[in-house]
Colleague: 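I'd like to ask some things about the structure below.
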Amino acid sequence: MTSPADLSVVENEAAQALFDDLIAKDSRIEPRDWMPDAYRKTLIRQISQHAHSEIIGMQPESNWITRAPSLKRKAILMAKVQDEAGHGLYLYSAAQTLGITREEMMDQLITGRARYSSIFNYTTPTWADMGAIGWLVDGAAICNQVPLCRASYGPYGRAMVRICKEESFHQRQGFEILLELMQGTEAQREMAQDAVNRWYWPSLMMFGPPDDQSPNSAQSMAWNIKRFSNDDLRQRFVGMLVPQAEVLGVTLPDPNLRFNDETGQYDMSEIDWTEFNEVLAGRGPANAERLRRRRDAHEEGAWVREAAAEYARKQAERALAASGAVA
Ligand code: FAQ
């Protein structure tokens with residue numbers, strides 16, 4: 001991995017020109033290629049935040065594994081939560097190719113210095129929340145992440161391809177939970193609508209601040225990391241939800257939501273950015289609980305990491321002894 005500090009001024013200029021050319025041609029940057037430090041830092045920031053989101057994102061749903069209403073629902077939910085763990089692992093691996101270690105990233109998370117998606121700081125009091133998370137949260141994740149399959153950094157883009165396939169399954173399972181509830185009793189329909197009411201606005205916040213308050217968007221788009229702005233993706237998401245809400249028979253909780261023929265966009269009420277900023281500042285409904293559980297899990301897993309490291313050490317020692325014996 002060559003960093004700008006390793007090269008002379010002339011070599012740096014040539015390397016920068018090659019990097020710019022690859023970006024201009026919409027080609028991929030790979031781990032051994034030269035890249036500007038700011039590009040590397042941006043990717044580490046975004047990919048590690050994304051990985052942390054997947055790992056913390058397991059918590060709101062694992063809350064329901066023991067209480068899922070049937071064996072079938074329990075098996076599906078367990079598979080989904082395991083998928084999120086897998087996504088976290090691919091993404092940590094992609095970030096590691098940029099020169100940060102897993103330990104550093106984990107330390108940033110459990111000491112509260114790293115961000116993860118605001119959405120996972122909301123609670124899941126009813127079974128319908130599993131439907132709303134799948135439909136709305138995974139739906140938002142798909143809108144945001146399908147363009148990331150074309151991100152300029154190779155390991156990130158490739159990891160996103162598999163992640164997006166799995167997110168599609170997640171969204172369908174959420175939609176199907178809500179559909180079944182909406183075809184059930186009055187109490188079940190109310191539970192589904194209540195969950196949609198609680199998750200709709202936070203799911204719109206997942207796309208990040210409005211474009212004119214998004215400090216990272218312009219540069220990330222110039223580097224072909226982000227392909228669309230936060231507001232454009234939010235619009236796409238709402239456009240996807242409206243016909244699906246009709247099929248479900250749920251109401252999206254925004255009285256001002258309507259398609260504007262003149263602008264070609266959905267008009268909607270103002271998002272409560274104060275709530276978003278409060279959650280980002282660590283004061284959401286479940287921030288403290290999410291971090292506490294992550295910290296506990298990390299401490300309780302220490303013996304597994306130690307055992308794995310010891311096993312790897314012994315394997316390496318044996319391999320070395322065997323190669324010595326052959327020589
Ligand atoms: N929550 O300038 P921008 C999932 C921060 S995975 C918390 O617009 P950027 C799967 C942002 O980091 C969900 N922080 O930043 C699943 C920045 O802070 P910094 C996660 C947020 O990076 C489903 C500051 O605000 N997905 O759902 C949020 O260009 C179900 C300024 O913002 C990803 O991470 C937020 N919502 O755009 C799992 C996708 N929004 O770092 C389990 C990849 C913004 O400067 C169950 N990430 N911030 O201190 C992205 O696409 C981008 O990073 C954005 C933000 C769009 C999130």
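These numbers come from the heavy atoms of this one structure, side chains and all, not from hydrogens, waters or symmetry mates. Note that ligands are numbered from 1 as they come in the structure, with each ligand's atoms numbered from 1 the same way.
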Colleague: Are any of the N/O atoms in Ser118 less than 3.5 Å from those in ligand 1?
Modeller: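 Yes: some nitrogen or oxygen of Ser118 is under 3.5 Å from one in ligand 1.
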Colleague: Nearest protein heavy-atom contact for atom 51 (O) of ligand 1: which residue, which atom, what distance?
Modeller: Asn144 ND2, 3.1 Å
Colleague: Between Lys226 and Asp232, does any side-chain N to carboxylate O distance fall below 4.0 Å?
Modeller: no
Colleague: With heavy atoms under 4.0 Å as the rule, classify the contact between His87 and ligand 1 as side chain, backbone, both or neither.
Modeller: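 For His87, no heavy atom sits under 4.0 Å from ligand 1.
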Colleague: Could you pull out the closest heavy-atom pair between Phe207 and Arg234, with the gap in Å?
Modeller: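 Distance-wise, the nearest heavy atoms are CB-NH1, 3.6 Å.
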Colleague: When you measure from the heavy atoms of Lys80 to every atom of ligand 1, does any distance fall below 4.0 Å?
Modeller: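 In this structure, Lys80 qualifies as a contact of ligand 1 - some heavy atom is under 4.0 Å.
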Colleague: If only side-chain N and O atoms count, and only distance matters, is there a donor-acceptor pair under 3.5 Å linking Gln193 with Asn197?
Modeller: yes
Colleague: Could you list the atoms of ligand 1 found under 4.0 angstrom from a heavy atom of Glu167?
Modeller: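 This gives 10 (C) as the contact atoms.
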Colleague: When you measure from atom 22 (O) of ligand 1 to every protein heavy atom, which one gives the shortest distance, and what is it?
Modeller: Arg45 NH1, 3.1 Å
Colleague: May I ask you to decide whether Glu176 forms a salt bridge with Arg73, counting only side-chain N to carboxylate O separations under 4.0 Å?
Modeller: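 Here Glu176 pairs with Arg73 in a salt bridge, since their nearest N and O are under 4.0 Å apart.
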Colleague: Side chain, backbone, both or neither: which part of Gln46 has a heavy atom under 4.0 Å from ligand 1?
Modeller: side chain
Colleague: Of the backbone atoms (N, CA, C, O) and the side-chain heavy atoms from C-beta on, which set of Gln171 has a member under 4.0 Å from an atom of ligand 1: side chain, backbone, both, or neither?
Modeller: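 Neither part.
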Colleague: Counting only heavy atoms, which portion of Phe207 has something under 4.0 Å from ligand 1: side chain, backbone, both, or neither?
Modeller: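 It is the backbone that gets close, since no side chain atom is under 4.0 Å.
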Colleague: Using a 4.0 Å heavy-atom cut-off, say whether Leu233 meets ligand 1 through its side chain, its backbone, both or neither.
Modeller: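 None of Leu233 does.
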Colleague: Checking the N or O distance criterion of under 3.5 Å, is ligand 1 in contact with Asn216?
Modeller: yes
Colleague: So does Ala141 get a backbone contact from the side chain of Asn144, meaning a donor-acceptor N/O pair under 3.5 Å?
Modeller: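 Side chain of Asn144 to backbone of Ala141, a donor-acceptor pair under 3.5 Å: no, none is there.
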Colleague: Please report whether atom 54 (C) of ligand 1 has a protein non-hydrogen atom at a separation of less than 4.0 Å.
Modeller: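 So far as the 4.0 Å threshold goes, atom 54 (C) of ligand 1 is out of reach of every protein heavy atom.
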Colleague: Between Arg113 and Asp107, does any NZ, NE, NH1 or NH2 come within less than 4.0 Å of an OD or OE carboxylate oxygen?
Modeller: yes
Colleague: Any nitrogen or oxygen of Glu84 lying under 3.5 Å from a nitrogen or oxygen in ligand 1? Just yes or no.
Modeller: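 In this structure, Glu84 places no N or O atom under 3.5 Å from an N or O of ligand 1.
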Colleague: Yes or no: does Met58 have any heavy atom under 4.0 Å from an atom of ligand 1?
Modeller: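 Contact check Met58 vs ligand 1: negative.
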Colleague: May I ask you to list the atoms of ligand 1 that are less than 4.0 angstrom from any heavy atom of Gln145?
Modeller: 6 (S), 26 (N)
Colleague: Looking at Met205, which atoms of ligand 1 are within less than 4.0 Å of one of its heavy atoms?
Modeller: 36 (N)
Colleague: I'd like to know if the side chain of Asn12 pairs up with that of Gln16 as donor and acceptor (distance under 3.5 Å, no hydrogens or angles considered).
Modeller: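 No, because no side-chain N or O of Asn12 sits under 3.5 Å from a partner of the opposite role on Gln16.
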Colleague: Within a distance under 4.0 Å of any heavy atom of Gly57, pick out the atoms of ligand 1 and give their elements.
Modeller: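 Answer, ordered by atom number: 42 (C), 46 (C).
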Colleague: Can you name the atoms of ligand 1, numbered from 1 with element, that are less than 4.0 Å from a heavy atom of Gly208?
Modeller: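 Near Gly208, meaning under 4.0 Å from one of its heavy atoms, ligand 1 has 40 (N), 44 (C).
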Colleague: Which part of Phe228 is near ligand 1, with near meaning a heavy atom under 4.0 Å away: side chain, backbone, both or neither?
Modeller: neither
Colleague: Do Gln173 and His170 get their side chains close enough for a donor-acceptor pair, meaning under 3.5 Å?
Modeller: no
Colleague: Taking the basic N atoms (NZ, or NE/NH1/NH2) and the acidic carboxylate oxygens, is any pair closer than 4.0 Å for Glu289 and Arg292?
Modeller: yes
Colleague: Taking 4.0 angstrom as the limit, do Asp83 and Lys80 come out as a salt bridge?
Modeller: no
Colleague: Using a strict cut-off of less than 4.0 Å between a Lys/Arg side-chain nitrogen and an Asp/Glu carboxylate oxygen, indicate whether Asp33 and Arg28 qualify as a salt bridge.
Modeller: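 No, no charged N to carboxylate O under 4.0 Å.
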Colleague: Hey, is ligand 1 close enough to Asn230 that some N/O pair sits below 3.5 Å?
Modeller: yes
Colleague: Pull out every atom of ligand 1 sitting under 4.0 Å from any heavy atom of Glu54, numbered as shown with elements.
Modeller: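 In order of number, 6 (S), 10 (C), 16 (C), 38 (C).
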Colleague: So which protein heavy atom does atom 31 (C) of ligand 1 come closest to, and at what separation?
Modeller: Pro215 CD, 3.7 Å
Colleague: Distance under 4.0 Å to a non-hydrogen atom of Ser214: what atoms of ligand 1 satisfy this?
Modeller: 2 (O), 3 (P), 8 (O)
Colleague: Any idea how Phe259 and Tyr266 line up, ring-wise: parallel (<30°), tilted (30 to 60°), or perpendicular (>60°)?
Modeller: perpendicular
Colleague: Does one side chain, of Gln145 or His50, offer a donor that lies under 3.5 Å from an acceptor on the other?
Modeller: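 A donor-acceptor contact under 3.5 Å links the two side chains.
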Colleague: Side chain, backbone, both or neither: which applies to Leu280 and ligand 1 if a contact is any heavy-atom pair less than 4.0 Å apart?
Modeller: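 Just the side chain.
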Colleague: What orientation do Tyr90 and His87 show, parallel under 30°, tilted 30 to 60°, or perpendicular over 60°?
Modeller: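 Tilted.
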Colleague: Using distance alone, decide if ligand 1 has a nitrogen or oxygen within less than 3.5 Å of any nitrogen or oxygen in Lys226.
Modeller: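 Min N/O separation from ligand 1 is below 3.5 Å for Lys226.
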Colleague: Within the distance-only criterion (no hydrogens, no angle test), does the side chain of Asp231 pair as donor or acceptor with the backbone N or O of Asp211 below 3.5 angstrom?
Modeller: yes
Colleague: Between the candidates Arg115, Met160, Gln49, Met206, which shows the shortest non-hydrogen contact distance to atom 41 (O) of ligand 1?
Modeller: Gln49
Colleague: Which ligand 1 atoms, with their elements, are less than 4.0 angstrom from a heavy-atom of Tyr156?
Modeller: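 Those qualifying, in numeric order: 43 (C).
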Colleague: Looking at atom 28 (C) of ligand 1, what's its closest protein heavy atom, distance included?
Modeller: Phe276 CZ, 3.7 Å
Colleague: Establish, for the pair Arg236 and Phe228, whether the NZ or CZ atom is under 6.0 angstrom from the six-membered ring centre and no further than 45 degrees off its axis.
Modeller: yes
Colleague: When you measure from the side chain of Asn287 to the backbone of Val279, do you find a donor-acceptor pair of N or O atoms at a distance under 3.5 Å?
Modeller: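 At least one qualifying donor-acceptor pair exists.
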Colleague: Is there a polar contact, in the sense of an N or O pair closer than 3.5 Å, between Asp138 and ligand 1?
Modeller: no
Colleague: One residue to check: Ile119. Relative to ligand 1, which of side chain, backbone, both or neither has a non-hydrogen atom less than 4.0 Å away?
Modeller: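 Within the 4.0 Å criterion, Ile119 makes no contact with ligand 1.
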Colleague: Has the side chain of Arg290 got a donor or acceptor atom that lies under 3.5 Å from a matching backbone atom of Ile56?
Modeller: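 No; zero donor-acceptor contacts below 3.5 Å.
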Colleague: For ligand 1, indicate whether the residue Ala141 contacts it via side chain, backbone, both or neither (heavy-atom separation under 4.0 Å).
Modeller: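 The side chain, only.
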Colleague: Given that the side chain starts at C-beta and the backbone is N, CA, C, O, which of these parts of Tyr116 lies under 4.0 Å from ligand 1, counting heavy atoms, or is it both or neither?
Modeller: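 Within the 4.0 Å criterion, Tyr116 contacts ligand 1 through backbone atoms alone.
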